[in-house]
**Q** 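Could you have a look at this structure, given as structure tokens, before my questions?
Quick note on labels: first sequence line is chain A, next is B, and so on, each numbered from 1.
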Amino acid sequence: MPELPEVEIVKRGLDETIVGSEIAGVEVRARKLFHGNESDLIGTKVEAVFRHAKMIEIDLSNGKALLIHLKMTGQLVFDKKSGDKSKRMAGGHPSNDWVADLPNKFTHVIFKFKDGGILYFNDLRKFGYIKVYNQSTLKETKELKDLGPDPFTKELNEEYLMRVISRRKKVKIKQIIMDQTVISGVGNIYADESLFCAGISPLRLAQDVKRSELTKLIECVRKVLKLGLEHGGSSENTYVNIEGKKGEMQNHFKIYRKTGKACPRGCGIVKRVVVGGRGTHYCPACQR
DNA sequence: TGCCCCCTGCAG
DNA sequence: CTGCAGGGGGCA
């Protein structure tokens with residue numbers, strides 16, 4: 001699920017909960033999702049947490065690092081103290097039953113900390129993963145080595161995008177901004193929202209998008225991601241933060257999953273098409 | 001550059 | 001029941 005804003009929120013949640021804590025035990029329930037040896041983690045302290053695109057890096061005191069990808073339905077939920085569910089659920093959403101009682105059938109890895117905290121890695125569809133790497137070689141792993149710039153850095157600019165596009169003749173603009181080797185962290189929802197914001201059709205060939213439009217698009221990507229962060233991420237489906245609570249961004253979507261509804265600009269009806277195998281929503285009237 | 005697939009659940 | 005879902009790897 002998680003795109004940049006959601007993963008960033010989880011990353012910040014980990015900063016506040018597990019940094020400085022010592023791992024006392026690791027329970028792997030689903031081998032498929034855990035690549036490495038649990039024994040490498042026991043007795044180490046969590047030193048720092050980083051986000052790379054939609055992935056989370058957790059650095060441990062022995063030089064190892066965990067690389068976590070939540071893919072579509074992964075969750076990292078922290079319980080301060082086993083047995084005290086009241087705090088986590090206070091203000092939680094009753095509709096989100098499946099994090100109400102952890103661990104549950106979707107809990108695949110459990111980290112127990114010496115201070116009593118417990119971190120649950122849940123994933124309904126089991127697409128996510130946790131991999132154990134060495135910090136020293138993490139940047140060279142296949143997961144991280146080809147990532148494009150973070151959208152909030154100055155490396156993302158019109159010149160950069162024009163250079164990328166000049167090498168990718170037949171690609172649609174939506175595919176460009178969703179490509180993790182071009183921009184880190186933009187996924188399907190924020191791509192649709194960004195293109196709506198910029199008034200650009202997702203179906204446009206990237207090479208036909210003018211420089212001024214790329215400028216606008218970059219602004220929109222940043223604006224939309226920032227809005228997602230401000231609203232605590234989007235929980236259209238299973239996303240929750242470290243406390244198991246949903247975000248509110250889904251209540252602020254302008255175009256994503258608004259098929260058949262009136263365009264917020266009042267000019268047309270939102271249409272759904274498929275681009276790069278992903279459901280794509282746009283207004284044919286104001287996105288050209 | 002485009003499918004199919006990993007997996008499970010839910011809406012229509 | 002069919003189709004679809006915040007991702008992305010592997011294959012032709």
**Q** Does A:K271, at its NZ atom, have more than 12 non-hydrogen atoms belonging to other residues, nucleotides or ligands within less than 6.0 Å?
**A**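 No, because the 6.0 Å sphere around NZ of A:K271 holds 12 heavy atoms or fewer from other groups.
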**Q** Could you tell me whether a side-chain N or O of A:R51 sits under 3.5 Å from a main-chain N or O of A:A53, the two making a donor and an acceptor?
**A**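 Checking the backbone N and O of A:A53 against the side chain of A:R51, a donor-acceptor pair under 3.5 Å is found.
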**Q** Once you round it to whole Å, what is the distance between C1' of C:dG7 and NZ of A:K174?
**A**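 After rounding, the reported distance stands at 12 Å.
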**Q** Measure the CG-CD distance between A:L60 and A:E47 for me, rounded to the nearest 0.5 Å.
**A**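 Reported value, rounded in 0.5 Å steps: 8.0 Å.
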**Q** For A:Y129, is the NZ or CZ atom of A:K131 found under 6.0 angstrom from the centre of its six-membered ring and inside 45 degrees of the ring axis?
**A**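 That pair qualifies as a cation-pi contact.
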**Q** Considering only the C1' atoms, how many Å lie between B:dC4 and C:dG3, rounded to the nearest integer?
**A**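 Between the two C1' atoms, the distance is 16 Å.
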**Q** Would you say that more than 12 heavy atoms from the other residues, nucleotides or ligands in this model lie under 6.0 Å from the NZ of A:K32, or not?
**A**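 Result for NZ/A:K32: enclosed.
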**Q** Name the pairs: protein N/O against N/O of nucleotides 8-12 of chain C, kept only if under 3.5 Å.
**A**
{"residue": "C:dG8", "atom": "OP1", "partner": "A:H69", "partner atom": "NE2", "Å": "2.8"}
{"residue": "C:dG8", "atom": "OP2", "partner": "A:K54", "partner atom": "NZ", "Å": "2.9"}

**Q** In whole Å, I'd like the distance from the NZ atom of A:K169 to the P atom of B:dG2.
**A**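 Those two atoms, NZ and P, are 16 Å apart.
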**Q** In whole Å, I'd like the distance from the CD1 atom of A:I130 to the P atom of C:dG7.
**A**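 The answer, rounded to whole Å, is 19 Å.
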**Q** Whole Å only: how far is the CG atom of A:L4 from the P atom of C:dG7?
**A**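 Going from CG in A:L4 over to P in C:dG7 covers 12 Å.
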**Q** Provide, to the nearest angstrom, the distance between the CZ atom belonging to A:R168 and the C1' atom belonging to B:dT1.
**A**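 Spelled out: CZ on A:R168 to C1' on B:dT1 is 10 Å.
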**Q** Rounded to the nearest angstrom, tell me the gap between atom CD1 in A:I177 and atom P in C:dG6.
**A**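 A:I177 atom CD1 is separated from C:dG6 atom P by 14 Å.
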**Q** By the rule that syn is within 90° of 0, classify the base conformation of C:dG6 as syn or anti.
**A**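 Syn conformation for C:dG6.
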**Q** Let me check something: do A:L41 and A:M55 share a hydrophobic cluster, defined by ILVMFWY side-chain heavy atoms less than 4.5 Å apart, either directly or through other members?
**A**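 Shared cluster, no.
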**Q** From CD of A:Q175 over to C1' of B:dC3, roughly how many Å is that when rounded to an integer?
**A**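 Result: 13 Å.
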**Q** Which nucleotide, C:dG6, C:dC4, B:dT1, lies nearest any side-chain atom of A:E236?
**A**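 The nucleotide sitting nearest to the side chain is C:dG6.
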**Q** So which pairs with a foot in residues 236-288 of chain A pass disulfide bond (SG atoms under 2.5 Å apart), sequence neighbours left out?
**A**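 Disulfide bond (SG atoms under 2.5 Å apart) check on residues 236-288 of chain A returns no pairs.
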**Q** Could you state the atom-to-atom distance from CG of A:L229 to P of C:dG6 in whole Å?
**A**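 Rounded to the whole Å, the gap is 19 Å.
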**Q** Once you measure the plane-to-plane angle for A:F34 and A:F111, does it fall in the parallel (<30°), tilted (30-60°) or perpendicular (>60°) bin?
**A**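 Answer is tilted, since the angle falls between 30° and 60°.
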**Q** Please measure how far the C1' atom in B:dT1 lies from the corresponding atom in C:dG6, and state the result in whole Å.
**A**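 Those two atoms are separated by 23 Å.
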**Q** In B/S/- notation, 5' to 3', how is nucleotides 5-12 of chain B contacted by protein heavy atoms closer than 4.0 Å?
**A** -BBBS---
**Q** Provide the distance between the two P atoms, one in C:dG8 and one in B:dG9, to the nearest whole Å.
**A**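 Approximately 23 Å lies between the P atom of C:dG8 and that of B:dG9.
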**Q** Using modelled atom types only, decide if a donor and an acceptor are shared between the side chain of A:N188 and the backbone of A:G279 within a distance under 3.5 Å.
**A**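 It does hold such a pair.
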**Q** Determine whether a donor-acceptor pair (N or O, by modelled atom type, separation under 3.5 Å) exists between the side chain of A:E3 and the backbone of A:A191.
**A**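 Between the backbone of A:A191 and the side chain of A:E3 there is no qualifying donor-acceptor contact (under 3.5 Å).
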**Q** Under a 3.5 Å cutoff on both atom distances, Watson-Crick or G-U, what's the dot-bracket for DNA chain C ([ ] crossing, | other strand)?
**A** |||||.||||||
**Q** Would you mind listing every disulfide bond (SG atoms under 2.5 Å apart) that reaches into residues 27-81 of chain A, with sequence neighbours excluded?
**A**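 Those involving residues 27-81 of chain A do not exist here.
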**Q** Report yes if a side-chain nitrogen or oxygen of A:N188 is closer than 4.0 Å to either non-bridging phosphate oxygen (OP1 or OP2) of C:dG6; otherwise report no.
**A**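 Answer yes for this pair, as a side-chain N or O of A:N188 is under 4.0 Å from OP1 or OP2.
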**Q** Only pairs under 3.5 Å count here: list side-chain donor-acceptor contacts from residues 192-206 of chain A, not counting sequence neighbours, and write none if there are none.
**A**
{"residue": "A:D192", "atom": "OD1", "partner": "A:K174", "partner atom": "NZ", "Å": "2.8"}
{"residue": "A:D192", "atom": "OD2", "partner": "A:H281", "partner atom": "N", "Å": "2.8"}
{"residue": "A:D192", "atom": "OD2", "partner": "A:H281", "partner atom": "ND1", "Å": "2.8"}
{"residue": "A:E193", "atom": "OE1", "partner": "A:K254", "partner atom": "N", "Å": "3.0"}
{"residue": "A:E193", "atom": "OE2", "partner": "A:K254", "partner atom": "N", "Å": "3.1"}
{"residue": "A:E193", "atom": "OE2", "partner": "A:I255", "partner atom": "N", "Å": "3.0"}
{"residue": "A:E193", "atom": "OE2", "partner": "A:Y256", "partner atom": "N", "Å": "2.9"}
{"residue": "A:S194", "atom": "OG", "partner": "A:Y190", "partner atom": "O", "Å": "2.5"}
{"residue": "A:S201", "atom": "OG", "partner": "A:L203", "partner atom": "N", "Å": "3.0"}
{"residue": "A:R204", "atom": "NH1", "partner": "A:R288", "partner atom": "O", "Å": "2.5"}
{"residue": "A:R204", "atom": "NH2", "partner": "A:D208", "partner atom": "O", "Å": "3.1"}
{"residue": "A:R204", "atom": "NH2", "partner": "A:E213", "partner atom": "OE1", "Å": "2.6"}
{"residue": "A:R204", "atom": "NH2", "partner": "A:E213", "partner atom": "OE2", "Å": "3.4"}

